[in-house]
Amino acid sequence: MEVDPDDRPSASNYGATDFEYQYTTEFQSHEPEFDYLKSLEIEEKINKIRWCPASNGAQFLLSTNDKTIKLWKVYEKRVDQMGDFNVRGVNGERKSEDGPMEIAQAEKLLREAYKRNGQRVVSRLSPGLKIPKVVSSIVVPAARCRRLYANGHAYHINSLSLNSDCETFMSADDLRINLWHLDRANQSFNIVDIKPDNMEDLTEVITSSDFHPTHCNIFAYSSSKGCLRLGDMRDSALCDRNAKVFEEEGAEGTKSFFSEIITSVSYIQFAANGRYVLSRDYMTIKVWDVNMESSPVATFQVHEPLQGKLCDLYESDAIFDKFDCTSSSSGQQIATGTYGHCFRVFDLAGNDHKLLEASKLPYRPMAAAGEPSPSFPRGIFSRCASGSSASTNPYEQMDTSQKLLHLAWHPEHQIIAAAASNSLYLYSAP
């Protein structure tokens with residue numbers, strides 16, 4: 001919930017462009033389930049959340065676990081509190097401000113009233129019986145499941161994306177992408193299917209997908225081979241022929257045992273203008289121009305200091321971590337998570353790249369020597385403070401068990417929300 005800066009309590013360390021967010025509500029989205037046909041337990045964990053357009057003062061969102069997608073309505077509900085009840089006394093009498101009345105006498109009067117075809121005897125009942133009335137009303141947040149989209153995927157769902165028409169959305173698993181209508185929970189259309197006839201011939205899986213922000217017919221999806229594919233639903237109902245394929249050819253001499261793992265794209269997202277596509281693999285974040293398929297227009301190293309520790313990362317399974325990426329509303333900055341509860345912010349127009357920690361007591365000078373101070377010095381729930389000492393190589397003291405996988409950029413303002421462990425940290429630009 002966003003509060004207007006003029007209505008919040010004033011504080012000397014609050015900037016004029018800061019925003020304050022307050023806790024609103026929480027609800028249980030999914031429950032543990034069991035697939036009896038496959039003898040498989042379905043966890044209640046949420047894989048993806050996507051906001052839908054608000055309607056009639058209510059917020060709508062899509063959430064999914066491994067198998068089931070739900071459409072939730074989050075709204076404010078008015079709850080009335082009743083008062084002035086006819087309460088029984090100690091001796092079985094009903095208490096009243098005008099004096100007690102025996103219950104038997106009141107019931108007798110009611111029976112007489114019904115016998116007279118509903119004629120009321122208010123004058124005789126008013127001394128002892130009172131009509132309950134609303135004494136106060138409170139507004140409480142509530143959540144209700146409006147749609148349940150089930151049985152659409154045989155494999156674990158890894159992506160959700162709302163279309164720009166605000167009527168359809170797509171969900172992707174390892175081998176298929178389905179198109180759903182928000183109002184039809186019992187039917188979906190398969191638009192991408194890479195499942196081979198023989199599963200032994202399977203060479204890649206779908207890792208992420210995203211709709212174009214303005215063109216409702218264009219979408220993109222990535223694969224474990226490190227390539228991006230652009231699909232156009234105007235071409236055919238089943239987009240088995242890709243409109244464009246974005247793939248960077250690597251040097252043959254640089255391939256190793258870990259090459260296929262670290263080049264697998266874990267997350268993709270269209271920039272706000274729709275001109276560029278962000279892709280995140282384990283080592284880098286790349287920016288692709290939709291008009292140029294041969295190579296990305298920019299590549300930023302995220303985990304380059306970990307290049308020599310791939311064996312240790314493989315043994316601890318950290319090499320399989322999947323990090324999100326996001327871009328600002330202007331498209332000039334991009335951000336992605338890393339280890340040590342940190343995230344990196346890259347500037348596409350220059351070399352102003354930052355490494356910030358999502359913590360209540362962050363260690364600040366974590367960028368390379370000679371780099372200017374970070375562009376996001378103020379957190380809303382945790383504020384970065386300078387003056388702490390740090391190692392020249394921040395990855396030397398980072399714990400791979402402390403990972404920042406998910407983050408998002410505000411669609412209009414310079415605010416980043418970063419999720420670290422069980423906490424949410426908000427950072428705002430000055």
Side-chain angles (χ1 to χ4, degrees), residues 203-205 207-208 222-228 246-269 277-288 294-327 333-348 350-359 362-371 374 389-407 418 420:
T203 58
E204 62 179 339
V205 294
T207 57
S208 182
S222 60
S223 76
S224 57
K225 280 190 172 181
C227 65
L228 278 65
F246 304 88
E247 187 174 9
E248 186 178 21
E249 296 293 337
E252 294 292 335
T254 60
K255 290 186 177 181
S256 65
F257 172 77
F258 305 105
S259 297
E260 187 174 348
I261 301 176
I262 63 177
T263 57
S264 174
V265 178
S266 61
Y267 189 83
I268 65 169
Q269 184 185 65
V277 183
L278 311 180
S279 68
R280 176 70 158 92
D281 55 44
Y282 186 75
M283 301 299 294
T284 65
I285 179 172
K286 299 176 182 178
V287 182
W288 298 83
S294 58
S295 62
V297 294
T299 301
F300 301 98
Q301 297 293 331
V302 182
H303 288 160
E304 187 176 12
L306 300 179
Q307 187 73 41
K309 301 180 181 180
L310 295 181
C311 292
D312 298 335
L313 296 171
Y314 181 80
E315 292 293 333
S316 62
D317 289 338
I319 198 172
F320 300 103
D321 291 334
K322 300 181 183 300
F323 296 91
D324 292 354
C325 58
T326 183
S327 66
Q333 294 89 23
I334 59 176
T336 186
T338 181
Y339 293 112
H341 289 170
C342 296
F343 63 95
R344 298 186 67 98
V345 180
F346 300 97
D347 188 0
L348 299 182
N351 297 321
D352 191 13
H353 311 321
K354 307 296 179 294
L355 179 63
L356 303 178
E357 183 195 14
S359 172
Y363 40 94
R364 259 296 285 284
M366 297 193 61
E371 212 173 68
S389 59
S391 172
T392 304
N393 184 3
Y395 290 93
E396 293 179 358
Q397 51 185 342
M398 284 187 178
D399 185 2
T400 56
S401 63
Q402 299 179 350
K403 57 196 74 174
L404 198 155
L405 301 178
H406 308 292
L407 76 168

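If you read the sequence from its start, that first residue is 1, and numbering goes on from there.
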Task: Over all atoms of both residues, closest heavy-atom pair of K403 and T400 - done: CE-O, 3.2 Å
Task: Interatomic distance, H341 atom NE2 to S401 atom OG [nearest 0.5 angstrom] - done: 7.5 Å
- [ ] Drop me the distance from S266's OG to K322's NZ, to the nearest 0.5 angstrom.
- [x] 6.5 Å
Task: Taking every non-hydrogen atom, the tightest pair across A335 and L407 - done: CB-CD1, 3.8 Å
Open item on the list: Applying side chain to side chain contact (heavy atoms under 4.5 Å, CB included) to V265 and K286, what does each step give before you reach the verdict?
Closed with: CA-CA 10 Å; V265 178; K286 299 176 182 178; over 6 Å; no
- [ ] Over all heavy atoms of both residues, which pair between T326 and Q269 is shortest? Give the atoms and the distance, please.
- [x] CA-OE1, 3.2 Å
Task: Closest contact, heavy atoms only, R280 versus C325 - done: CB-SG, 4.0 Å
TODO: Give the intermediate values and the outcome of side chain to side chain contact (heavy atoms under 4.5 Å, CB included) for residues T336 and L278.
DONE: CA-CA 10 Å; T336 186; L278 311 180; over 6 Å; no
Task: L306 and Y339, any side-chain heavy atoms less than 4.5 Å apart - done: yes
Open item on the list: Just checking Y282 against F258, ring centres under 6.0 Å apart?
Closed with: no
Open item on the list: Whether the side chain of H303 engages the backbone of T284 through a donor-acceptor N/O pair (distance < 3.5 Å, no angle test) should be reported.
Closed with: no
TODO: Ignoring hydrogens and angles, state whether a donor on the side chain of S222 or T207 is under 3.5 Å from an acceptor on the partner side chain.
DONE: yes
Task: Contact summary for V277 and L228, nearest pair of heavy atoms - done: CG1-CD2, 3.6 Å
Open item on the list: Run the side chain to side chain contact (heavy atoms under 4.5 Å, CB included) test on L310 and F257 for me, step by step, so that the C-alpha distance in whole Å, both residues' side-chain angles and the decisive distance to 0.1 Å come before the verdict.
Closed with: CA-CA 10 Å; L310 295 181; F257 172 77; over 6 Å; no
- [ ] For the residue pair F323 and V302, establish whether any side-chain heavy-atom pair is separated by less than 4.5 Å.
- [x] no
Task: Value rounded to 0.5 Å, distance of CZ in F246 from OG in S295 - done: 11.0 Å
Task: Trace of the side chain to side chain contact (heavy atoms under 4.5 Å, CB included) decision for Y267 with H406 - done: CA-CA 11 Å; Y267 189 83; H406 308 292; over 6 Å; no
Open item on the list: Tell me if a side-chain donor or acceptor on S224 pairs with a main-chain N or O of S264 at a distance below 3.5 Å.
Closed with: no
Open item on the list: Quick one, P296 and V287 - any side-chain contact, counting heavy atoms below 4.5 Å?
Closed with: no
- [ ] Could you list the residues that satisfy salt bridge (Lys or Arg N to Asp or Glu O under 4.0 Å) with E204, not counting sequence neighbours?
- [x] R229
Open item on the list: On a heavy-atom basis, which atom in I285 and which in F346 lie closest, and how many Å separate them?
Closed with: CG2-CE1, 3.9 Å
Task: Reported CD1-to-CG distance for the pair I319 and D312, which is rounded to 0.5 angstrom - done: 10.5 Å
Task: Student check: side-chain heavy atoms of I261 and Y314 closer than 4.5 Å - done: yes
Task: CD-OG1 distance between E260 and T203, expressed to the nearest 0.5 angstrom - done: 8.5 Å
